[in-house]
Amino acid sequence: MTLIKIPTLDKDSLGQKITVSGWVENIRDHGGVIFIDLREGNEILQVVVEPQNKDIFEIAESIRNEFVITVSGEVKERPKGTVNEKMITGEIELNSSELSILSKSKPMPFQLDEYVKVGEETRLKYRYLDLRRSEMQETIKTRSKVSNEIRQFLISNDFIDIETPMMTKATPEGARDFVIPSRVNQGSFYALPQSPQLFKQLLMISGFGKYFQIVRCFRDEDTRKDRQPEFTQVDIESSFTSTEEVMTLGENLIKEIFKKALKIDLKDFPVMSYSESIERFGSDKPDLRNPLELIDVKDIFTESEFKVFSDPAKNRKSRLVALKISNSLSRSQIDDYTKFVGNYGAKGLAYIKVNDENDLKEGLQSPILKFLSEKEIASLSEKLNFSAGDTVFFGAGHKKIVNESMGALREKLGEDLHLIDKDKWAPLWIKDFPVFDEAEDGSLTPSHHPFTRTSGNLETLEKNPAMAIADAYDLVLNGYEIGGGSMRIHNSEEQRKVLSILGISKEEADEKFGFFLEALDYGCPPHGGIAFGLDRLVMLICNKNSIRDVIAFPKTQSAYCLMTDAPSNISDDELKELAIKSTLKPKD
RNA sequence: GGACCGGUAGUUCAGUUCUGGUUAGAACGCCGCCCUGUCACGGCGGAGGUCGCGGGUUCGAGCCCCGUCCGGUCCGCCA
């Protein structure tokens, strides 16, 4: 008898004498006959223990859930009427002749079956048990499959996989670095990479024209359901390439993954400019499954008496938008949404309820009606196509706040009103990002890393930075940014200029990436690339709500590992060796 | 740093506000006995609780108040 894997068993195995091992999923002890569901991976085989064989029957009686056992016997057809159609191996069973316990188990801290929902805190504490559940087994296998498809696709397109250091120098992405103290060079620190950005560009200079890596990245920022302190990127870079070429490659890669992992053929991805996306959705990562759009109504209110509308209508830096839904909401629902937009800095949420679209006097309901002229209301009704039962929300104020609050409201309403078709896939490219983001006070902050090439000429960047457009692109899927990249600057003069425009001094530039600026002087090919967030991609493919569900050992919102209790203290000796002293006062 | 939701048996929850009051319940799981064709087996019986933690109000607190810790969602942060 040889050891057989449960997943390979089927009716062809009938009559075979086999040995199988696995975990006990469930036991049904009928006193006379005992059924054991033996699990390996997420396949289950029914083992029958009959009382004639006294020795093993006694052992079988002592078996509990999640014991690891090994069983030998003959594969038999199940008696008529006892076939279980829900099981892949439901037509066969193993009639045991030998049975032994390889490892006992305490009762599980939570049930591993699908019938009781378990809180995430418990699951994360015992993640190794959580991972036994078939749902998690499936997810982790899908992730492996996706990684494998990515490798195959890129390698077959002549990309080569090159590893880059984990212990490196602080990188320029703009997030906080995780830091490793050096013992040999006391007082100095390595940083964990926020991405291999500079290394992949250096590899272009080295002449590796097509690079990729599936690589862990680290950012010491607060987490979200789609953000962990460590996450995985599919990092890609090519020399002598173009925006179009990189986008085509990225698009084909995603299409290939969907074909292989989900057997879905995605249509060509639409391309939208950043400004159009912001105009229509208030977001640079719109979920196109959501039919709601922001409608600009500035033109109606430029001359209005109602200052809340006319001020932003006249101001270049402001927006005035309407968002119409075909639902009548209660007062308390509207209050909740008002509170909701308040989180994004909106000072209020004006609304109009349409009870009768043919009577614009009595048929409308709103606290702001008394401030609006008949003409304004008529124009609104025409532009928004009022009909009975509609509710119209308004966002007015500084562009950034209106975009963020109304964009978020659009998403929330889409979710709350079930306007989103969860079975659909809505990928799109967003292009033509501004080089800078403009804050409410007019100040500029770089929106990309400083190695991104500008689409126009450098003069625009210098003279009118707020208008400068980056040669960059993001891939958005169902409202998540799953990838992004750009064409890079490939000469040191231009790079230095951009750094200075971004407000980075020559000294700082030389200290932080002098090595890179120098490298640009030794024959740098034009190059560009893209990086995908593997965790988010797999999360969407597996239809999960959080990347924690597609990471084998994730951390909590406070970046803590409930299983290992990391991070934790280190001894005084270790600290001394590293020449580090804590400034924390000991708690009493 | 901030807002909101949650923390009660091993697990998932009810009880908690409006209305504090004898012994804190259910389901699943666990333990024991019975049961020869079940498959979320069934039947009978049983054990199991610092109500996250600390303080306060009260004759009396799971419930009210204050603080704090943990988990989650979000803002800030993260191009």
Side-chain angles (χ1 to χ4, degrees), chain A residues 25-38 44-52 57 61 64-66 76 78-87 89-90 93 95 106-126 129 171-177 194-195 197 217-229 231 274 284-285 336 339-346 401 404-405 408 411-412 433-437 445-452 470 472 474 481 484-486 502 531 533 545-546 548 555-558 560 562 587:
Chain A
E25 170 87 5
N26 189 23
I27 313 145
R28 291 173 298 280
D29 183 347
H30 287 244
V33 61
I34 297 172
F35 299 100
I36 298 169
D37 290 338
L38 191 63
I44 290 171
L45 175 68
Q46 173 164 281
V47 173
V48 184
V49 186
E50 287 183 320
Q52 290 83 330
F57 193 78
E61 281 184 310
R64 295 293 178 267
N65 284 349
E66 301 303 321
K76 288 190 165 171
R78 292 200 190 181
K80 266 193 182 159
T82 64
V83 168
N84 186 342
E85 280 162 16
K86 283 183 274 181
M87 291 171 69
T89 60
E93 61 190 17
N95 198 272
K106 293 201 281 190
M108 291 294 108
F110 56 93
Q111 280 162 257
L112 302 191
D113 59 45
E114 67 214 87
Y115 305 104
V116 178
K117 283 211 166 148
V118 184
E120 205 170 354
E121 207 171 341
T122 316
R123 287 174 53 206
L124 289 182
K125 178 161 185 195
Y126 297 96
L129 298 178
T171 38
E173 264 76 6
R176 238 173 255 121
D177 286 309
Q194 295 179 30
S195 84
Q197 183 61 34
C217 302
F218 306 86
R219 292 178 192 177
D220 187 6
E221 298 294 347
D222 288 356
T223 70
R224 289 287 186 277
K225 65 179 174 174
D226 64 345
R227 276 162 40 190
Q228 285 267 304
F231 61 99
Y274 170 87
D284 62 357
K285 47 184 172 73
D336 286 347
K339 218 180 274 173
F340 176 80
V341 295
N343 290 336
Y344 298 86
I401 287 175
E404 286 174 3
S405 60
E411 280 173 36
K412 178 133 178 77
F433 287 84
V435 175
F436 294 97
D437 289 327
T445 51
S447 75
H448 281 74
H449 63 62
F451 309 106
T452 301
D474 276 2
E481 183 201 322
S486 64
L502 292 173
N545 283 320
S546 161
R548 291 187 302 275
K555 292 180 178 57
T556 67
Q557 187 151 56
S558 46
Y560 190 80
L562 291 171
K587 285 176 191 164

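Letters A, B, ... are given to chains in the order of the sequence lines, protein chains preceding strands, and every chain is numbered from 1.
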Is any side-chain nitrogen or oxygen of A:Q557 closer than 4.0 Å to OP1 or OP2 of B:U73?
-> yes
Nucleotide nearest A:H30 (side chain, heavy atoms from C-beta), chosen from B:G37, B:C75, B:C70 = B:G37
Any donor-acceptor N/O pair under 3.5 Å between B:C35 base and A:R28 side chain = no
Heavy atoms under 4.0 Å, any strand shown: does A:P109 hit a base, just sugar-phosphate, or nothing?
-> sugar-phosphate
Side chain of A:R548 only, please: which of B:A40, B:C78, B:U73 is the nearest?
-> B:U73
Which part of the nucleic acid, if any, lies within contact of A:T452, taking any heavy atom under 4.0 Å across all strands shown: a base, the sugar-phosphate backbone alone, or nothing?
-> nothing
Least distance between heavy atoms, A:Q228 atom then A:T223 atom | CA-CG2, 4.3 Å
Which residue lies more 5' along RNA chain B, comparing A:E50 with A:D220 via nearest heavy atoms | A:E50
Ranking B:G72, B:C30, B:C28 by distance to the side chain of A:E120, first place goes to B:G72
Side chain of A:N65: nearest nucleotide among B:G37, B:C74, B:C30?
-> B:C30
Rounded to whole angstrom units, what separation is found between the CZ atom of A:R176 and the P atom of B:G1?
-> 11 Å
Is the distance from OP1 or OP2 of B:G71 to the nearest side-chain N or O of A:T556 less than 4.0 Å?
-> yes
In whole angstrom, give me the gap between the P atoms of B:G52 and B:C13.
-> 14 Å
Mark this stacking check for A:F110 against B:U11 as yes or no, applying ring centres under 5.5 Å and ring planes under 30°.
-> no
Using a cut-off of 4.0 Å on non-hydrogen atoms, how would the nucleic acid contact of A:G119 be classed: base, sugar-phosphate, or nothing?
-> sugar-phosphate
To the nearest 0.5 Å, what is the distance between CG (A:D29) and CD (A:E61)?
-> 5.5 Å
For B:G45 versus B:C63, give the span between their P atoms, rounded off to a whole number of Å.
-> 34 Å
Side-chain contact check for A:P51: nearest option of B:U36, B:G37, B:C30 is B:U36
Taking B:C35, B:C74, B:C39 as options, the one with an atom nearest any side-chain atom of A:D29 is B:C35
Taking B:A79, B:G76, B:G29 as options, the one with an atom nearest any side-chain atom of A:R227 is B:G76
When you compare B:C64 with B:G20, how far apart are their P atoms, in angstrom units rounded to a whole number?
-> 10 Å
Just checking A:Q111: base, sugar-phosphate only, or nothing, at a heavy-atom cut-off of under 4.0 Å?
-> base
Base, sugar-phosphate, or nothing for A:F340, non-hydrogen atoms under 4.0 angstrom?
-> nothing
Has A:F433 got its ring stacked on B:A79, by the test of a centre gap below 5.5 Å and a plane angle below 30°?
-> no
For A:R78, which contact category applies under a 4.0 Å heavy-atom criterion: base, sugar-phosphate, or nothing?
-> base
Which atoms form the tightest heavy-atom contact between A:M87 and A:Q46, and what is the distance?
-> CE-N, 4.4 Å
Using Watson-Crick or G-U wobble geometry with both distances below 3.5 Å, tell me the partner of B:G20, or none.
-> none
Nucleotide opposite B:A61 in a Watson-Crick or G-U pair, distances under 3.5 Å | none
In whole angstrom, give the distance that lies between atom NZ of A:K339 and atom P of B:C75.
-> 18 Å
Whole-Å C1' distance, B:G43 and B:U38 = 15 Å
For nucleotides B:G7 and B:G54, find the distance between their C1' atoms and express it as a whole number of Å.
-> 16 Å
Hey, is the main chain of A:Q197 close enough, under 3.5 Å, to the side chain of A:S195 for a donor-acceptor pair?
-> yes
Measure from OH on A:Y126 to P on B:U12 and round the result to the nearest Å.
-> 12 Å
Looking at A:E93 and A:P79, what are the two nearest heavy atoms and their distance?
-> OE2-CD, 3.9 Å
Spacing of the C1' atoms in B:U11 and B:C59 (rounded, Å) | 38 Å
Ignoring backbone atoms, test whether A:R219 places a side-chain nitrogen or oxygen under 4.0 Å from the OP1 or OP2 oxygen of B:A79.
-> yes
Between B:U36 (P) and A:F57 (CZ): distance, integer Å = 9 Å
Does A:N545 have a side-chain nitrogen or oxygen under 4.0 Å from the phosphate oxygens OP1 or OP2 of B:G72?
-> no
For B:G6, the nucleotide meeting Watson-Crick or G-U wobble distances (both under 3.5 Å) is B:C70
Of the candidate nucleotides B:A79, B:C77, B:G10, which contains the atom at the shortest distance from the side chain of A:D222?
-> B:C77
How long is the line joining CG of A:N343 and P of B:G76, in whole Å?
-> 10 Å
NA contact type, A:E93, heavy-atom cut-off 4.0 Å: base, sugar-phosphate, or nothing?
-> base
Reckon A:R224 has a side-chain N or O less than 4.0 Å from the OP1 or OP2 of B:G76?
-> no
Whole-Å P distance, B:U17 and B:G6 | 13 Å
To the nearest Å, give me how far apart CG (A:L45) and P (B:C39) are.
-> 17 Å
Return yes if some donor-acceptor pair links the side-chain N/O of A:E221 with the main-chain N/O of A:R176 below 3.5 Å, else return no.
-> yes
In whole angstroms, how far is the P atom of B:G29 from the CD1 atom of A:I27?
-> 12 Å
Under-4.0 Å side-chain N/O to phosphate OP1/OP2 contact, A:K86 with B:A40 | yes
Parallel, tilted or perpendicular: which describes the rings of A:H448 and A:F433, with under 30° parallel and over 60° perpendicular?
-> perpendicular
Sub-3.5 Å donor-acceptor pair from the side chain of A:R227 to the main-chain atoms of A:D222, do we have one?
-> yes
Check whether any side-chain N or O of A:T122 sits under 4.0 Å from OP1 or OP2 of B:U12, and answer yes or no.
-> yes
Mate of B:C51 across any strand shown (Watson-Crick or G-U wobble, both atom pairs under 3.5 Å) is none
Rounded to the Å, how far apart are A:N84 CG and B:G37 P?
-> 16 Å
So, are A:D37 and A:R28 salt-bridged, with charged N and O less than 4.0 Å apart?
-> yes
Measure from the side-chain heavy atoms of A:V116 and tell me the nearest of B:C78, B:G32, B:C28.
-> B:C28
Is any side-chain nitrogen or oxygen of A:T82 closer than 4.0 Å to OP1 or OP2 of B:C39?
-> no
Who pairs with B:C30 - Watson-Crick or G-U, where each distance is under 3.5 Å = B:G46
Note: for A:K555 and A:E221 on RNA chain B, the residue whose nearest nucleotide lies more 5' is A:K555
What distance separates A:I44 CD1 from A:I36 CD1, expressed to the nearest 0.5 Å?
-> 13.0 Å
Provide the distance between the two C1' atoms, one in B:A24 and one in B:U8, to the nearest whole Å.
-> 8 Å
Where the side chain of A:F35 is concerned, which of B:C28, B:U38, B:C70 is the nearest nucleotide?
-> B:U38
